[in-house]
2 protein chains.
Amino acid sequence: MRQGEYICYNWAVPDKSAITEMERLFQGLADRTRLRLLNLMADQEVCVCYFVEILELPQPTISRHLGYLRRTGLVAARREGRWMHYRISVPRGRLARQLLMDTLRWLAADKQMQRDRSRLTRACCAQDKFVNLQGAPVPQPVREGVGERRSI
Amino acid sequence: MRQGEYICYNWAVPDKSAITEMERLFQGLADRTRLRLLNLMADQEVCVCYFVEILELPQPTISRHLGYLRRTGLVAARREGRWMHYRISVPRGRLARQLLMDTLRWLAADKQMQRDRSRLTRACCAQDKFVNLQGAPVPQPVREGVGERRSI
DNA sequence: CCGTCATATGCGCCAAGGCGAATATATTTG
DNA sequence: CAAATATATTCGCCTTGGCGCATATGACGG
């Protein structure tokens, strides 16, 4: 994988029927940790080390859940040197997109989710306070339309 | 349970945080059979025997999935004599409701789902053609606002 | 009350999913 | 190339979920 290129594991979906897509989407969303991850990515591209710092979960746990999200096509990943950046991969279909947006709105309304978000903001602004974030790339706002899904 | 009364198993949700509600909602939606069931209930209250007839799955399978849906609060049940009627239980929260509506819209756009629906329509109009539907109550359009969730 | 019909539930089996711990991989730096 | 860093994957364990099958429950009719 070349640097700066987004990837998405759509190859894992041999049956492309809408019903299978929905099943997989909901399976991807049906976990508290993954919802928290998505919430943090709602409008930013975020580096893995921040997830580990903010969610206070073991790094392999974070990585595994990001893997699930990748495989269900919900997020895309980009490598930058040692760092991996994750961002939400907006579905192409209108109805699927609508559904994901509703989910993100709902997440944004939740107390714990707001807490996670503000912790992320603080971590970015005072990066030097976090021993595990030294030199970590700051989350970048997602440019609309960039990084849309590309199958590999 | 008295006849004609709707029930919903919200008791199964001790932690009422939004995140738990979302997790449970998505778990409920993350199965092909349950999506097909919800699609058939989109704007009608439907009796179990129709589900068995239309989905062509064993009755215990149907019943178990209806049980999951009941326990996640996605549907409500009403008894009428020997028959059980199921209908979608619209969430109270605006964002959750929005999400469910989008899901139903998405289902309605799917080919297989449309096939299920038209099979249901046909079964209702020619009930006598189906040996397992003799005398079964015909699905009734859902009256808006009736049968909203009530915890027990 | 007994049989029947509609539906629900229990049981055993297998596959999938989540977790902690250890280890592997990829990239940069010296 | 070796060491360090960031991230991913593997393994073993346990829990959950779905299924087929058998059986239980609940309501009605005779």
Side-chain angles (χ1 to χ4, degrees), chain A residues 1-5 7 9 12 23-24 26-37 45-53 55-72 75-86 127 130-137, chain B residues 1-5 7 9 12 23-24 26-37 46-53 55-72 75-86 127 130-138:
Chain A
M1 165 186 171
R2 293 200 298 283
Q3 290 211 5
E5 246 185 56
I7 55 162
Y9 293 75
E23 223 180 354
R24 293 177 59 84
F26 290 130
Q27 280 165 5
L29 294 173
D31 178 276
R32 158 176 325 242
T33 301
R34 294 197 288 274
L35 289 175
R36 293 178 75 192
L37 289 169
E45 173 187 84
V46 182
C47 168
V48 175
C49 54
Y50 286 99
F51 294 134
V52 177
E53 185 69 36
L55 301 193
E56 295 176 287
L57 291 171
Q59 176 266 323
T61 296
I62 301 283
S63 224
R64 245 186 329 235
H65 281 291
L66 287 170
Y68 298 149
L69 288 172
R70 245 169 31 227
R71 265 168 251 120
T72 60
V75 306
R78 178 175 66 91
R79 180 179 282 282
E80 180 186 329
R82 295 193 276 261
W83 293 281
M84 286 293 281
H85 299 265
Y86 281 85
Q127 204 186 73
F130 297 84
V131 67
N132 297 313
L133 294 183
Q134 304 301 332
Chain B
M1 164 189 172
R2 293 201 299 283
Q3 291 212 3
E5 246 185 56
I7 55 162
Y9 293 73
E23 224 181 352
R24 294 177 57 82
F26 289 130
Q27 280 164 4
L29 295 173
D31 178 276
R32 158 178 323 244
T33 301
R34 294 197 287 274
L35 290 175
R36 294 178 75 192
L37 288 169
V46 181
C47 169
V48 176
C49 54
Y50 286 99
F51 294 135
V52 177
E53 186 67 37
L55 301 194
E56 295 176 284
L57 292 171
Q59 176 266 324
T61 297
I62 300 284
S63 223
R64 245 186 327 237
H65 281 291
L66 287 169
Y68 298 149
L69 288 172
R70 245 169 31 227
R71 265 168 251 122
T72 61
V75 305
R78 177 177 66 90
R79 180 179 283 283
E80 181 187 327
R82 294 194 276 261
W83 292 282
M84 288 292 281
H85 298 266
Y86 281 85
Q127 206 186 72
F130 297 83
V131 67
N132 297 312
L133 294 181
Q134 304 302 331
V138 168

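Values in this document were obtained by computation on a predicted structure and should not be read as measured data. Letters A, B, ... are given to chains in the order of the sequence lines, protein chains preceding strands, and every chain is numbered from 1.
Between the base of D/dA6 and the side chain of A/Gln59 there is no donor-acceptor pair shorter than 3.5 Å.
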Pull out every protein N or O sitting under 3.5 Å from an N or O of nucleotides 19-21 of chain C, one pair per line with the distance.
| from | atom 1 | to | atom 2 | distance (Å) |
| --- | --- | --- | --- | --- |
| C/dC19 | OP2 | A/His65 | NE2 | 2.7 |
| C/dG20 | OP2 | A/Thr61 | OG1 | 3.4 |
| C/dG20 | N7 | A/Arg64 | NH2 | 3.3 |
| C/dG20 | O6 | A/Arg64 | NH1 | 2.5 |

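Looking at B/Arg34, its side chain does come within 3.5 Å of a backbone N or O of B/Gln27 through a donor-acceptor pair. Side chain of A/Arg24 to main chain of A/Arg71: a donor-acceptor pair is present (N/O by atom type, distance under 3.5 Å, no hydrogens or angles).
Closest to the A/Met84 side chain, of the nucleotides C/dT9, C/dT7, D/dA8, is D/dA8.
Distance CD (A/Glu80) to C1' (C/dA26): 15 Å, rounded to an integer number of Å. At whole-Å resolution of the value, CD in A/Glu53 and P in D/dT5 are 16 Å apart. Between B/Glu23 atom CD and D/dG17 atom P the separation is 11 Å, expressed in whole Å. Counting to the nearest Å, the P atom of D/dC21 and the CG atom of B/Leu57 are 13 Å from each other. Going from atom CZ of B/Arg82 over to atom C1' of C/dT4 covers 8 Å, rounded to whole Å. Between A/Ile62 atom CD1 and D/dA6 atom C1' there is a gap of 14 Å when expressed in whole angstrom units. One interatomic measurement links the two molecules: CZ of A/Arg32 to P of C/dG17, which rounds to 19 Å at whole-angstrom precision. Atom-to-atom, CG of A/Leu37 to P of D/dA8 comes out at 11 Å; the value is rounded to the nearest Å.
B/Arg70 has its side chain within reach of B/Tyr86: a pair of non-hydrogen atoms, C-beta onward, lies under 4.5 Å apart. Under the 4.5 Å side-chain criterion, counting only non-hydrogen atoms from C-beta, A/Tyr68 is not in contact with A/Asp31.
For A/Tyr86 and D/dA8, the shortest distance from a side-chain N or O to OP1 or OP2 is below 4.0 Å. Taking only side-chain nitrogens and oxygens, A/Arg79 comes nearer than 4.0 Å to OP1 or OP2 of C/dT27. Listed pair B/Arg70 / C/dT7 fails the phosphate criterion, with no side-chain N or O lying under 4.0 Å from OP1 or OP2.
The two residues A/Leu37 and A/Leu55 come nearest to each other via the heavy atoms CD2-CD1, 3.7 Å. Looking at every heavy atom in both residues, A/Trp83 comes nearest to A/Cys47 through CD1-SG, 3.3 Å.
Between the CZ atom in A/Arg64 and the CD atom in A/Gln59 there is a gap of 9.5 Å [rounded to 0.5 Å].
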